[in-house]
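Heads up, the thing below is written out as structure tokens.
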Amino acid sequence: MAAERYNAPDRERHWQSVWREQKTFKTRRDPAKPKYYVLEMFPYPSGRVHMGHVRNYTMGDVVARYKRARGFNVLHPMGWDAFGLPAENAAIERGVSPKGWTYDNIAAMRAQLQSLGLSLDWSRELATCDESYYKQQQRLFLDFYEKGLVYRKKSRVNWDPVDNTVLANEQVIDGRGWRSGALVEQRDLEQWFFRITDYAEDLLAGLDTLNRWPEKVRLMQRNWIGKSEGARLRFRLEGEALPKAHTELEIYTTRPDTIFGASFLAISPQHPLAAALAKKNKGLREFIAECARMGVSQEEIDTAEKRGFDTGLKAAHPFRAQTKLPVYVANFILMEYGTGAIFGCPAHDQRDLDFANKYKLKVKPVVIPEGEDAKAFKVKTEAYTGDGRLANSSFLDGMSVEAAKAEVIRRLEAKGVGKRETNYRLRDWGVSRQRYWGCPIPIIRCPACGVVPTPDADLPVRLPEDVDFSAPGNPLDRHPTWKHVKCPQCGGAAQRETDTLDTFVDSSWYFARFCSPEEDARPVDPEACDYWLPVDQYIGGIEHAILHLLYSRFFTRAMRDCGHLNLAEPFAGLFTQGMVIHETYRDGAGKWVSPDDVRIEGDGPTRRALTLDGRPVEIGPAEKMSKSKKNVVDPDAFKAHYGADTARWFVLSDSPPERDVLWTDDGAQGAWRFIQRVWRIVDDAAEKGAKPGAPKPAEFSAEAMELRRAAHRALDKVSRALDSLGFNRAIAAAYEFANAFSPALQGKGDASLAFALREAAEFLTHIINPFMPHLGEECWSRLGYNTLLANAPWPEADQALLVDDTVTMAVQVNGKRRDELIIARDATKAAIEAEALKLASVAKAIEGRPVKKVIVVPQRIVNVVA
RNA sequence: GCCCCAAUGGCGGAAUCGGUAGACGCGGCAGACUCAAAAUCUGUUGCCUUCGGGCGUGCCUGUUCGAGUCAGGCUUGGGGCACCA
């Protein structure tokens, strides 16, 4: 009887309802089983699931289902990164409430994700905008405050004039806001900060332990933390204009060895000394104002000239008091790094050299490259930053750079004018946002008592829902009553903090909350976290390599230090997945055209695209699917026709998961054909094969043996591929295995073949199941089981069946392949050599020359050297 | 400018250790089934060739019996950081 076509959409609805009714994926703590926590970065509830989501969540689901079959107690939860600007923009543009808009989107996306058949424990679902979630986040904020990890300071901030909010340094990309793309301005504002810099060294050292993270991400974090080792030292200042409070100037350098090459000092325009001097110096005032106007865009920084203003002050060299160095205010010195002041050594630093050349300052080489003469070595326009020997440097002469650094620091410390210091590029994390749709900062400011934490009994500090978005700025600040409260300490009139927390705070601990989402008395249940954490496999986009992953690492440490958790690193394994891309199309007028409105004709060089009514379309490069370029394939429409399994299978086939995958209609068709093929194979094998639990025959026919070998080999290959997240390789092995069924299904086998057919069909079902779980259940059922495949253990491959009795070895002559040799697996080297030399093809290639040597690598290769 | 990664047929990509390059998929070609189409199945598919063979993993050197894989030097593409002292 011919199999009916597999009706994917229908069967998928069926199996999803079975899983839901049986609560198949509800997870409980079970100390008897090894745990495995697999997590995909939770989505922002934009309202629609796109193919990128499908790929991301399918990867996690394959891992979750595979580990589950392998006997692990798997935690695989889902939630929503639900605070953020789009909800406010929707409120402004369409007059809807941010809360209503967000929860509607969540409902829509939940339904879409559920139709993908993901093995998620939906009972743990959370949204960061849930009161139950942000209540705990407010507790954490206050715990951090208590612990000294939160502080308030007036600071120069990155202000996004489009989104009307402050951005963290991490959120400024090329001088523009990461969301709005607007040119970022500098403003002075009172802001809340997390002391992430307290953990700079620990965050850096911890990277070395993360051996299941991509090296690329670790490197990016290492660079971001930006450790540099050097020295801080004080110069005595003199000069008529010298303000009383500034008789000394502290600078930071990573090259203390070049101290004798110093020819000037330079301070930032924002340095307190500059401000003090400017009070009595109009020219300097103007210079500083000019520097402040300088843009922060990439282009402006690149083209900006090194400029300085001579303050007239002189600084005494710490080791040569008679040497007086001029002190400049210079536009290239950052107040935020080191001490906001440097000594300039033009010979060995390019910026210092450019500056010195402009202002005709001395350029004295003090590090001489190997093989150069100290007297003859000159630096003109290229600074020498390499290694060498010290010269023109008093007590340092002849030393290596390393030795000189140590010696200078030793002497500075002995004189009490300097010390060794390590600096980090990493700055504290500014978390205040002047926005409505975020977690309120649970702080009250009282004119009498100052900063007062909101008492625990008053948490959560709820967001008011009667807010007005008609004017720009923060609706919380404008709200008639919300911010007015009584001071919890003195009872007097006080005000709430009206800023909300950066949404990156929300995503910095959600992975821990998933371990005990019902917990109300505290942010997390430490016992639950001890069992589930760390996340064993975290999966998400490379775009979070720095921000989210660094913040989460910081949060885990801070939570540990507040007694909530017992670990430092939240994510033991990290995988960054590639995007789903699609060709782009444009019509004659240059307008983007959707793939749905394009017909492709021809192939290779003659391949061309036309609109449905026959007008020519230009084919552009494959790019990330985006609405603006119209190159999107809608998962819902695709699923309705081909089912979720087809989409799941296709987005993981072809390309390695860390790389982009190109969506093509032909490729998707291929996945669809394969689903039908698996169904036919299993249906056929269920018909012709043995019944479930049939005894294993004592003898197998050659045909049966071949199928069994293919089955066990495929199982082994897929298992190993999945262990290393090689989804595309696992899929290739599945295809290869499916190809092996043909001979067995065509012939009229004996009982041993019937057994082999059942075994192979079961293996195929197990193998495809993590990718196509609905088809998996359908096949499992067709094979005669009334249990769920989702609960069935992964089969074990029989090692004895993985190897053949004979092997095919390549035979080379002088490194060139000339022939093959089929020989017993356990043949001795001598036997292999003898057989190889008997080959006519070998004799021919040798052309009568004497054989000098024969290299035999058993089971692999023979190389005859003549 | 500094740092990192990649490059394999018409296309996406395979190739635990240095050991038969091109698994698997897509596309192409040929055939079977069919009145025909769809669907399915079978075979074939790196390039050149005087049919002996020759050449092939971005380019050039090197190490080795043997290099996609290791080393040195380039080229091109992608990514990260960037006035960080």
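Below, chain A is the first sequence line, B the second, and so on; all start at residue 1.
For an aromatic pair to be called close, the ring centres must be under 6.0 Å apart, and A:Tyr328 with A:Tyr359 satisfies this. Taking the centre of each ring, A:Phe763 and A:Phe737 stay at or above the 6.0 Å mark. Under the 6.0 Å cut-off for aromatic ring centres, A:Trp663 and A:Phe638 qualify, their centroids lying closer than that.
B:A15 sits 16 Å from B:G25 when the P atoms are compared, rounded to a whole Å.
Among the atoms of the strands shown, none is found under 4.0 Å from any heavy atom of A:Asn423. Using a 4.0 Å heavy-atom cutoff across all strands shown, A:Asp349 reaches no nucleic acid atom at all.
At B:C84, one or more side-chain N or O atoms of A:Arg351 fall inside 4.0 Å of OP1 or OP2 (strictly under the cut-off).
B:G31 shows a glycosidic angle more than 90° from 0 and is accordingly assigned anti. Base orientation of B:C74: anti, since the glycosidic angle falls outside 90° of 0.
Atom CZ in A:Phe727 sits roughly 20 Å away from atom P in B:G25 (whole-Å rounding). Taking atom CE of A:Met809 as the reference point, atom C1' of B:G19 lies 9 Å away to the nearest angstrom.
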Donor-acceptor contacts under 3.5 Å from residues 648-660 of chain A side chains, at least two apart:
{"from": "A:Arg648", "atom 1": "NE", "to": "A:Phe771", "atom 2": "O", "distance (Å)": "2.8"}
{"from": "A:Arg648", "atom 1": "NH1", "to": "A:Asp61", "atom 2": "OD2", "distance (Å)": "3.0"}
{"from": "A:Arg648", "atom 1": "NH1", "to": "A:Leu116", "atom 2": "O", "distance (Å)": "2.9"}
{"from": "A:Arg648", "atom 1": "NH1", "to": "A:Gly117", "atom 2": "O", "distance (Å)": "3.4"}
{"from": "A:Arg648", "atom 1": "NH2", "to": "A:Asp61", "atom 2": "OD2", "distance (Å)": "2.7"}
{"from": "A:Arg648", "atom 1": "NH2", "to": "A:Pro770", "atom 2": "O", "distance (Å)": "3.0"}
{"from": "A:Trp649", "atom 1": "NE1", "to": "A:Tyr735", "atom 2": "OH", "distance (Å)": "3.2"}
{"from": "A:Ser653", "atom 1": "OG", "to": "A:Phe650", "atom 2": "O", "distance (Å)": "2.9"}
{"from": "A:Ser655", "atom 1": "OG", "to": "A:Asp660", "atom 2": "O", "distance (Å)": "3.2"}
{"from": "A:Asp660", "atom 1": "OD1", "to": "A:Met579", "atom 2": "N", "distance (Å)": "2.8"}

